[in-house]
Amino acid sequence: MIGTLYFLALLSSTVAWGPVDLWSEESVRNETGGGGGDRCTCDAFLPSSTFPIGDLVAVEQTVVEISHKLEREMGKLEDYEAKMTEYAEKIVKLTIEIEKMEKDPDAYNEDDFQNTKVEIKQVEALIAELQLSINGSTTVFESVRVEVTAVVATLNRLEKTYDKNLVLVTRREYVKVQLQLEECERRHQELFNPNIGSCAHTGISKLSQPIVSQLNAHLSTSYTFGGWGKDSKPLPDRESMYWYSGATTAGISSIRFYTNYKNLILRNAFQTTSLKSGWTGTGNNFIIRGNTLYYQINRPFSVAKLNFTTMLYESRVIPKASSSISYANSPNQNFDFAADESGLWVTYATVESGGRMVIAKINEASFGLEEEWQTSVYKPGVNNAFMICGVLYATRSIDVHIEEIFYMYDTKTKQETHISIRFERFREKYSNLDYNPTDQKLYMYNDGYYLSYHLWFNHTATTTVQPPHVVT
Ligand SMILES: *[C@@H]1O[C@H](CO)[C@@H](O)[C@H](O)[C@H]1NC(C)=O
Ligand SMILES: *[C@@H]1O[C@H](CO)[C@@H](O)[C@H](O)[C@H]1NC(C)=O
Ligand SMILES: *[C@@H]1O[C@H](CO)[C@@H](O)[C@H](O)[C@H]1NC(C)=O
Ligand SMILES: *[C@@H]1O[C@H](CO)[C@@H](O)[C@H](O)[C@H]1NC(C)=O
């Protein structure tokens, strides 16, 4: 007698990337009874309840629908891209025409001017139309994200309660749509913000809804401290690599690496490195840059690095930095590392400034501090901070789900500004929030949830002719 569960396990372990409808309730029942009609129920194999096949089937249907939706959106994005190129060419043509008219107005009559004006109006109308369509896509992505979040929650629940193998096929389908969503969003983002690496903007204008990549890699709700993300200056063969480190207390003792996003979601680490005795870290505001972990250690209290290429550790004491002043809501977060378009940074509070934050630029070659900036923002009132284009952004909580970027400090001008850019998170607390200049995204470790956000920036008046950038 082959039990349903055993059959399911067998099926899921042998059928990789199998057809989605494999899991229909009928076919499972038919196969189960296959031997000769003996009655066999799941109850015999589970302590309390049957495996909720219905949940799995529902999840699969959702996954298929999401996938179709995303295919349609991808088609639209390709359309927008083509239109954008067309409009950009029109704008260039009109600009040249206007320049000619300005240089030699006498060569043109009133009709010529009128025609040019009409053409400009037409391009304007086309761009407005495009913006509307783009808004449509944004709405679709937002609703898809909600669906994807529900799917990942169900899968995690099933994986936690039952054997992980039972859910494997569905999870693989889920991974495919998650990747599809990421790809769609990346294309969407590139269309309207094709300036990765550029600092020709005056700061963040808004954040997307949070994108959930994982509820918890350890399938446990107690890994509330940690971080995840990508290397901000990856080695040439590690551009698609992701890393993750989670812990039940504010510290770091090991870190996992995944070859790519798919393996991150599938929890297939290709390497897990434990920090050697005497070098385990405290706090969770670590980052990886140049295949090197930058983090905080407590004996002696200092900034530390571990180069994964050589497996060599190094540390530096920063005498002024306080070892007790942390961010709000999370203990031990004394040093916060950040990387942006201009390099590597660390922030901390000092006792002499009454707990206000200091920004320091780290020289990557020497691991020494190049320059420091004293801000007026009080660290215990800040949840977390990150750097973009040499500007510090600090966050605080508005309520259990709403976060606000409320403060910025520009190290180039030494100017500070109070702003209000709000965004959502899923859980109340988080211990790691960082910007990654390679994809212009923010990564958050939100009490075990891996969240990321797309960013939009305020652009100064466009000086050159280029495709319209939507920065609503
Ligand atoms: C289940 O098996 C019965 C008897 O072999 C068959 O008539 C029925 O179509 C099968 N159902 C499915 C969904 O395959
Ligand atoms: C796009 O949506 C945003 C917010 O929903 C709105 O403020 C903006 O006016 C819309 N843009 C267009 C072109 O409709
Ligand atoms: C960008 O512009 C928006 C709207 O004008 C404003 O609310 C926001 O504070 C600006 N961002 C920065 C960083 O100045
Ligand atoms: C790590 O070690 C490699 C090999 O010696 C070296 O090339 C690289 O610069 C080091 N990286 C950092 C960030 O120290």
Side-chain angles (χ1 to χ4, degrees), residues 131 192-193 195 198-208 229-239 241 243 255 257 271 273 275-276 279 286-295 297 302-316 337-346 359 361-370 375 377 385-396 398 402-423 433 435-438 440 442 453-462 469-472:
Q131 284 182 331
F192 306 112
N193 185 14
N195 295 317
S198 155
C199 287
H201 58 71
T202 55
I204 298 175
S205 66
K206 72 165 194 177
L207 274 70
S208 71
K230 296 184 79 172
D231 189 323
S232 60
K233 200 170 75 181
L235 299 184
D237 60 339
R238 293 195 161 194
E239 271 142 357
M241 186 182 82
W243 57 266
I255 186 151
F257 296 96
Q271 183 186 323
T273 302
L275 302 184
K276 78 176 178 194
W279 285 94
F286 37 77
I287 57 165
I288 293 203
R289 179 171 177 80
N291 208 32
T292 298
L293 172 73
Y294 292 91
Y295 68 113
I297 57 172
S302 43
V303 294
K305 70 187 247 195
L306 163 58
N307 188 334
F308 293 106
T309 308
T310 55
M311 288 311 287
L312 291 177
Y313 294 79
E314 243 184 277
S315 69
R316 294 273 185 286
F337 295 89
D340 69 1
E341 289 76 1
S342 48
L344 181 63
W345 306 83
V346 63
I359 306 167
K361 184 78 197 292
I362 298 178
N363 181 305
E364 286 180 66
S366 69
F367 199 34
L369 299 191
E370 268 171 14
T375 76
V377 71
F386 55 89
M387 301 289 299
I388 302 180
C389 291
V391 176
L392 172 94
Y393 293 88
T395 63
R396 66 181 172 198
I398 298 297
I402 303 293
E403 193 71 7
E404 180 186 51
I405 300 172
F406 73 101
Y407 173 88
M408 60 193 271
Y409 183 99
D410 189 338
T411 57
K412 294 181 292 300
T413 60
K414 298 190 163 68
Q415 284 245 319
E416 43 195 343
T417 319
H418 285 268
I419 55 175
S420 173
I421 297 168
R422 294 189 175 189
F423 59 100
L433 176 69
Y435 170 72
N436 193 315
T438 67
Q440 289 191 330
L442 275 184
Y453 301 86
H454 290 292
L455 295 176
W456 281 265
F457 298 100
N458 287 332
H459 287 267
T460 39
T462 40
H469 295 161
V470 175
V471 281
T472 48

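Atoms within a ligand are numbered from 1 in the order they appear, just like the ligands themselves. Just so we're clear, the structure is a prediction, and the values are computed from it rather than from any experiment.
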Flag: protein heavy atom within less than 4.0 Å of atom 12 (C) of ligand 3: yes

Heavy-atom protein neighbour under 4.0 angstrom from atom 7 (O) of ligand 3: no

Which ligand 4 atoms are under 4.0 Å away from a heavy-atom of [X]?
{"X": "Lys305", "answer": "12 (C), 14 (O)"}
{"X": "Thr292", "answer": "11 (N), 12 (C), 13 (C)"}
{"X": "Tyr294", "answer": "13 (C)"}

Non-hydrogen atoms of Tyr294 and Arg289 that approach each other most closely: CE1-O, 3.8 Å

Test item: Tyr295 and Leu275 side chains (from C-beta on) under 4.5 Å apart, heavy atoms: yes

Short N or O distance, Asn458 and ligand 3, threshold 3.5 Å exclusive: yes

Distance-only N or O hit between ligand 3 and Ile419, under 3.5 Å: no

Side-chain H-bond candidate by donor/acceptor type, Thr417 with Gln415, under 3.5 Å: no

Between Asn291 and Thr309, a side-chain donor and acceptor under 3.5 Å: yes

Under 3.5 Å: N/O of Thr310 near N/O of ligand 4: no

Value rounded to 0.5 Å, distance of CG in Asp231 from CZ in Phe308: 9.5 Å

Closest protein heavy atom (residue, atom, distance) for atom 1 (C) of ligand 4: Asn307 ND2, 1.4 Å

Parallel, tilted or perpendicular: ring planes of Phe423 versus Tyr453, cut at 30 and 60 degrees: perpendicular

Suppose I only count heavy atoms of [X] and a 4.0 Å limit; which atoms of ligand 3 are within that range?
{"X": "Ile204", "value": "1 (C), 10 (C), 11 (N), 12 (C), 13 (C)"}
{"X": "Gly203", "value": "13 (C)"}
{"X": "Met408", "value": "13 (C)"}

Ring center gap for Trp279 and Tyr313 short of 6.0 angstrom: yes

Pair Lys230 + Glu239: basic N to acidic O under 4.0 Å: no

